[in-house]
Student: 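Quick one: the structure is below, and I'll ask about it shortly.
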Amino acid sequence: MKAYAPVADVSEEMAAVRATLEPGTRPPAEIKDKLNETLKALGLVRIAGRIATPIRGNFVHLTDGREKLQIYAKKGQFTLARNDGEADREPDQAWEAWQILDHGDLIGVEGYLFVTNTGEVSVHVERLFFLSKALSPMPDKMHGIEDAEIKQRQRYLDLIASSLQVKSEPPAPERGQNLTTREVFETRAKTISSLRRFLEDDGYIEVETPMLTPKATGAAAKPFKTHHNALDIDLYARIAPELYLKRLLVGGFEKVYELNRNFRNEGISHKHNPEFTMLEFYCAYMDVNGMMDFCERLIQESVRRATGDLTVTYEGNEIDLSKFERITMRDAIAKYAPSFDVDDANLVEAFDTHVEANLIQPTFIIDYPKSISPLSKASPENPEIAERFELFINGMEVANGFSELNDPHEQLARFKDQAEARERGDDEAMVLDEDYVRALSYGMPPAAGIGIGIDRLVMLLTNKHSIRDVILFPHMRPERPLEGSEASRAADHSDQMKDES
RNA sequence: GGUCCGAUAGCUCAGUCGGUAGAGCAAAUGGCUUUUAACCAUUGGGUCCCAGGUUCGAGUCCUGGUCGGAUCACCA
C-alpha cells in the first residue's frame, strides 16, 4: 500500500496559502486564481482519513483524528482505484462509489489543492481509494459522546467522536483547558516525554525493575496476588518499584528513574485507578531539600513544554506553578485549623481532614512523622521527624519524596516496627524485604528519591476531575454481554465448547 | 462497602397528573451539487437497563438487582 500524507499537513505551501486567507470571508477572484495557480503547481497530493461529515453533494471533510481537510469530488472528474491493481474504474462508476460512501468510512484521495469560493483550501479529487467501511453508525457530530460509560468502555468511539465533532468553539488556546479527548491524551504524552527528556538531560538513566515481585513492598498498600506455575510461587504485582531502584544505587548507578505502572488492590475513585503510572527517581549524594528544588524545576519545565504555560486553570482555580511553597505539617495545621489542638497522635489525621483540601497552590509539606515513613531518613535535629516531603496541588497529593534511609540496622528495625503494626491488624503495613536490608549492608550512598503520580499531574494539566478521563482504558466492571453482536456470538460459542468438554 | 443521583431510538435529549413512545442529529430513498453543524421531500428505526409488585392501565409509583456518576471511608 502506498503511503498517504497526514490530513493535517499536506504541505508547507498549503499552510502558507492558508495563512494568507481570512477564515469566513470570500477571497477576491484574482487573489483566489493566483493562489490556485501556486497550489496546482505543487502537483498531486495523496491523503487519507475518515469521512468526518455525511456525504452530501461534492464536499466532504476528511479527518486524521486531529485536523480536517476538505475534499471536493466532481462527477466525471475522478476515477476509482481498484484494490486488485487493475486499471481504475471509469468516472461514472467512481461517482456511484462516491455516492454510497458513509459518514465514518475511511478513504484515500489523490488530487490537487485549490481554494474554494469561500476561501477554504481543499483537495480536488482525481482518484478515489476506498480503504475501509464503518459498519456501525458514527456518534452525533455536534455533541459527540457524553455518556461517561461509553467514553470509557469504548475509548475508540470517544476518540472518533472528538475527531468528528464540528468545532463551534475556538481552537485550543482560546478555549482554555476545555480539551477534546484527543488533546487530553496528546497532553499526557507530551508531559511524559518532557519528564523523560528533563531527567535524561540531567544524567538520569531509565531502568526497568520487576512488575511481578515475590514481596509487595516499598509502599503501604494492598497488592494483587498471582501465581507462577513453573516456579510454583506466589507473586505480587508491584505496589512500588522503590526498593529495587535503591538496590541500583547500592550497585553504583547514581541517577536512576522508572516511569511505569504500579498496581494497588484498593478502592476506585475519581483519583484512584487500580493501576496507575508513577515516575520514581533516585539521586545519590542528594538530600530532601535538593530533591524539592529539583522536583520543582522538573514539574515546571515539563508543564511548560506540555502546555506552553505555567498557569493552569483547574476546576475554576487558577494554579500558579511558578512557585512552590514549603511549610511543615505542624505549621500547615496551625495555619488552616488554628483552633485545632495538635499532638503527636492526631497530627496526621488533623492534616488529612483539615489541611489537604486547602492546598490549592503547589505546596511541599515537610517534616513528616518518622513513624509513617519507614524508608526515609530521620532528621538529625529531631529523631521523630523524617526528612520527607509531599507535594500537594489542588488539594491532591502529587508527589512524595525523602532522604533515603541507608543504615541497614535502622532499616531492619523500622521493618520490624511495621511487622508489629501488621500483627496488630494493619494489613497495609510495609512488608519486610530481607534482601533489601542485605543490599544496604554493602553500603548505599546517601540519596534522595521521589515518586510523582503522573495521572494526577495530567489531570491537573488537562482540567479533568476524574483519573478515568486521563487513562485510555480505565478499569470498570464488566459489561453485560452485547446481545446480537459478534462478541456475544463468540461467547455463546465458547460456552458451548465448555459444555461439550 | 455506605449515602445520594442517573439509565428512553445508533448519538444528544424531551416525555406534564399513571392513559396510543417524541424531537434533533445519524440512517434509507429521491431531489439539489462551490458547500461550511443543521438544504428540500419521503421512509424506516424502541427489551423505555433487568426482575418482581401496585393498578382496569406503568417510561412514569413501590421493592430488589445490574451498570454508571458524585461523595464518604481506604489510598497515590
Side-chain angles (χ1 to χ4, degrees), chain A residues 23-26 32 36 52-61 68 70-77 95 98-100 102-104 114-120 122 124 134-154 157-158 160-161 164-169 218-223 239-240 242 261-280 349 352-353 356 390-392 396-401 426-428 450-457 459 465-469 474 476-481 483-484:
Chain A
T25 60
R26 291 171 173 259
K32 195 186 76 165
N36 281 341
T53 43
I55 291 278
R56 188 178 76 75
N58 306 79
F59 285 95
V60 86
H61 283 85
K68 290 179 190 155
Q70 181 167 262
I71 63 171
Y72 172 72
K74 176 78 171 167
K75 185 177 181 181
Q77 296 189 3
W95 181 247
W98 172 263
Q99 287 179 304
I100 60 167
D102 279 320
H103 189 198
F114 75 112
V115 176
T116 65
N117 289 342
T118 54
E120 178 163 348
S122 308
H124 190 123
L135 294 173
S136 297
M138 293 296 113
D140 188 291
K141 64 177 184 267
M142 286 310 291
H143 305 94
I145 303 282
E146 295 288 332
D147 185 327
E149 189 171 351
I150 302 177
K151 282 169 87 79
Q152 293 166 24
R153 285 196 202 281
Q154 293 180 264
L157 193 57
D158 182 26
I160 289 172
L164 299 184
Q165 205 151 356
V166 175
K167 282 182 188 147
S168 49
E169 305 152 281
K222 296 190 200 78
I239 57 174
E242 173 154 355
R261 232 67 63 78
N262 288 348
F263 306 87
R264 299 188 184 177
N265 203 344
E266 288 166 351
I268 291 179
S269 82
H270 72 103
K271 42 184 175 174
H272 298 89
N273 195 58
E275 54 182 300
F276 62 100
T277 300
M278 177 90 108
L279 167 63
E280 273 202 24
E349 197 195 333
D352 288 350
T353 51
E356 247 188 71
E390 287 195 0
L391 172 63
F392 289 84
M396 208 162 41
E397 184 190 337
V398 171
N400 174 21
D426 179 359
D427 58 359
E428 291 190 353
I450 188 174
I452 301 178
I454 298 305
D455 310 283
R456 291 181 175 182
L457 184 60
M459 284 164 70
H465 173 75
S466 171
I467 197 168
R468 292 183 293 273
D469 290 332
M476 302 176 85
R477 282 210 167 79
E479 189 172 20
R480 271 183 296 182
E483 278 183 35

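Note on naming: letters A, B, ... go to the chains in the order of the sequence lines (proteins, then strands), and numbering restarts at 1 for each one.
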Student: Tell me whether the side-chain N/O atoms of R261(A) come closer than 4.0 Å to OP1 or OP2 in A76(B).
Tutor: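 Answer is no, no contact under 4.0 Å.
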Student: Test of understanding: with ring-ring contact (aromatic ring centres under 6.0 Å, His included), list the residues that count as partners of H465(A), not counting sequence neighbours.
Tutor: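 Listed in chain order: H270(A).
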Student: Check this one for me: any side-chain N or O of K141(A) less than 4.0 Å away from OP1 or OP2 of A26(B)?
Tutor: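 True: K141(A) side-chain N/O within range (under 4.0 Å) of A26(B) OP1/OP2.
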Student: Name all residues meeting the ring-ring contact (aromatic ring centres under 6.0 Å, His included) criterion together with F114(A); count only those two or more places apart in sequence or in a different chain, and write none if there are none.
Tutor: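 Result, ring-ring contact (aromatic ring centres under 6.0 Å, His included) vs F114(A): Y72(A), H124(A).
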Student: Which value, in whole Å, describes the distance between the P atoms of nucleotides A14(B) and C61(B)?
Tutor: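 Between the two P atoms, the distance is 15 Å.
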Student: Among all residues two or more places apart in sequence or in another chain, which pass the side-chain hydrogen bond (donor to acceptor under 3.5 Å, both in side chains) test with K151(A)?
Tutor: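 Once residues adjacent in sequence are excluded, the partners of K151(A) under the side-chain hydrogen bond (donor to acceptor under 3.5 Å, both in side chains) criterion are D158(A).
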Student: With sequence neighbours left out, write down each residue that passes side-chain hydrogen bond (donor to acceptor under 3.5 Å, both in side chains) with H61(A), or none if nothing qualifies.
Tutor: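 Only E120(A) meet the side-chain hydrogen bond (donor to acceptor under 3.5 Å, both in side chains) criterion with H61(A).
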Student: Summarise how protein sits on nucleotides 6-12 of chain B as a single string, 5' to 3': B when a protein heavy atom is under 4.0 Å from the base, S for sugar-phosphate-only contact, - for no contact.
Tutor: ----SBS
Student: Could you write out RNA chain B as a dot-bracket string, with dots for unpaired bases, | for bases paired across to another strand, and Watson-Crick or G-U pairs counted at under 3.5 Å?
Tutor: (((((((..((((.....[..)))).(((((.......))))).....(((((..]....))))))))))))....
Student: Please lay out, stage by stage, how F276(A) and R264(A) fare under the test side chain to side chain contact (heavy atoms under 4.5 Å, CB included).
Tutor: CA-CA 8 Å; F276(A) 62 100; R264(A) 299 188 184 177; 3.6 Å; yes
Student: Reckon R477(A) has a side-chain N or O less than 4.0 Å from the OP1 or OP2 of C67(B)?
Tutor: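 Result: yes.
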Student: Please pick, from A76(B), U35(B), U71(B), the nucleotide with the shortest atom-to-atom distance to any side-chain atom of R264(A).
Tutor: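 My answer, after comparing the listed nucleotides, is A76(B).
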